[in-house]
Amino acid sequence: MSSLLVDDIGELVTNDVGGEGGPLGIRRDAALLVEEGRVAWIGPARDAPAADRRLDAGGAAVLPGFVDSHAHLVFAGDRATEFAARMAGQPYTGGGIRTTVGATRAATDDELRATVRRLRGEAMRQGTTTMEIKSGYGLTVADEARSLAIAAEVSEETTFLGAHVVPAEYADRPDDYVGLVCGPMLAAAAPHARWIDVFCERGAFDVDHARAILACGQAVGLGVRVHANQLGPGPGVQLGVELGAASVDHCTHLTDADVDALASTRVDGGHTTVATLLPGAEFSTRSPYPDARRLLDAGVTVALATDCNPGSSYTSSMPFCVALAVREMRMTPAEAVWAATAGGARALRRDDVGVLRPGARADLMVLDAPSHLHLAYRPGVPLIRQVLRNGVPQ
Ligand code: NIG
Ligand code: FE
């Protein structure tokens, strides 16, 4: 059994708050032993056990890898012109999704695979060791199934988003499209998916259609996530809570009742519904940012994710999202780092990632910096020196 000692860690963020170290469970002058892809031991560097190999962190900060719980990587083409038009004053409506659907349907499997792998690699180099990937730009039985099969080649966290928008060929018969999604499309998608998601928004799916689709997914064992309250107030967040969703995502336009509903999932225990905030989308659509403080102050569990997609948020960078959350959403650096690691893990109902403690997966990053604060303090700087996934240097 080969072991690896990550040694001379100036600041180790564990997110293991059973002990001391504040909300991030920080340990100073620490070492961490990896065996068989898992964390085997954490302790003071001076007590470090012998190991087959040693990785010297040189006094830098070490954190759990980012858990990006919301990304749309399976697509073809880009929408740079749409972005430029927005920056010149056009609003974002989600209408461009259909442009990407056309390009995605026309692409070969290998073209889609190349894009997924390119973006997954890009994210990995920025510290993302777990990445959820959605379908949703195919919107036919065959295109949704192949999107998920390709996503599943690089991630176990795959999400069926056949209900992204109603495709043009069903524009005047949305009920028929919902029937397709719940029937043959779900049957073809489910073997490759862990989750089901719906874009519950004016112009996409109303609450009755969204509820029906999510219930069909639950009936075949998929976990629920919802694109909710992105472009305006709406029923998505409360629908997610009603169905025990692992996460409701965007949460840009919330009422007090939405916040209360989310907070109640925390109090009840059992099913916590996480609010996943996606500041890359507000950045790229020049929209007001979600009110993270209101959620945190109400006791809601908050995650941060990229929403990486060619329309509303073409970034794979979790450090960028952390910096936005701190500067624009008034999260503290500690809250933002937690939300981008442990929060993402909660949003995926995972307890083996987003945390560094014995038994957890050895998914971590070494920064070119002495502290997690630098992720927000030095925005736009490539601070991720080394990434380990399952204990293996990437
Ligand atoms: O999460 N809101 C719906 N879906 C994506 C946007 C997709 C697109 O514009 O292509 C989102 O922002
Ligand atoms: Fe999204």
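Just so you know, ligand 1 is whichever comes first in the structure, and atom 1 is the first atom listed for that ligand.
- No side-chain donor from either of Thr272 and Thr301 sits under 3.5 Å from a side-chain acceptor of the other.
- Protein N/O/S atoms closer than 2.8 Å to the Fe ion (ligand 2), listed by chain and residue number, are His70 NE2, His72 NE2, His227 NE2, Asp307 OD1.
- Using a 3.5 Å distance cut-off with no hydrogens or angles, the side chains of His70 and His250 do not pair a donor with an acceptor.
- Side-chain contact check for Thr108 and Asp110: no donor-acceptor pair (N or O, by modelled atom type) lies under 3.5 Å.
- For the residue pair Glu132 / Thr159, a side-chain donor-acceptor distance below 3.5 Å is found, with atom types taken as modelled.
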Dump all N/O pairs between ligand 1 and the protein below 3.5 Å as a table: atom names plus distance, one pair per row.
unit_1	atom_1	unit_2	atom_2	d
ligand 1	1 (O)	His72	NE2	3.4
ligand 1	1 (O)	His227	NE2	3.0
ligand 1	1 (O)	His250	NE2	2.9
ligand 1	1 (O)	Asp307	OD1	2.9
ligand 1	1 (O)	Asp307	OD2	2.9
ligand 1	2 (N)	Gln230	OE1	2.7
ligand 1	4 (N)	His164	NE2	2.8
ligand 1	9 (O)	Arg79	NH2	2.9
ligand 1	9 (O)	Tyr92	OH	2.5
ligand 1	10 (O)	Arg79	NH1	2.7
ligand 1	10 (O)	Arg79	NH2	3.3
ligand 1	10 (O)	Tyr137	OH	2.6
ligand 1	12 (O)	Gln230	NE2	3.3
ligand 1	12 (O)	Asp307	OD2	2.8
ligand 1	12 (O)	Ser312	OG	2.5

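- Checked by atom type, the side-chain pair Asn15/Thr341 shows a donor-acceptor distance below 3.5 Å.
- Defined by atom type and a distance below 3.5 Å, a donor-acceptor pair is missing between the side-chain atoms of His227 and Glu201.
- For the 3.5 Å distance criterion, the side chains of Ser316 and Gln126 qualify, holding a donor opposite an acceptor.
- Using the six-membered ring where Trp is involved, Tyr314 and Phe75 have ring planes that are perpendicular, over 60° apart on the 30 and 60° scheme.
- A cation-pi arrangement, defined by a distance under 6.0 Å to the six-membered ring centre and an angle within 45 degrees of its axis, is present between Arg173 and Tyr170.
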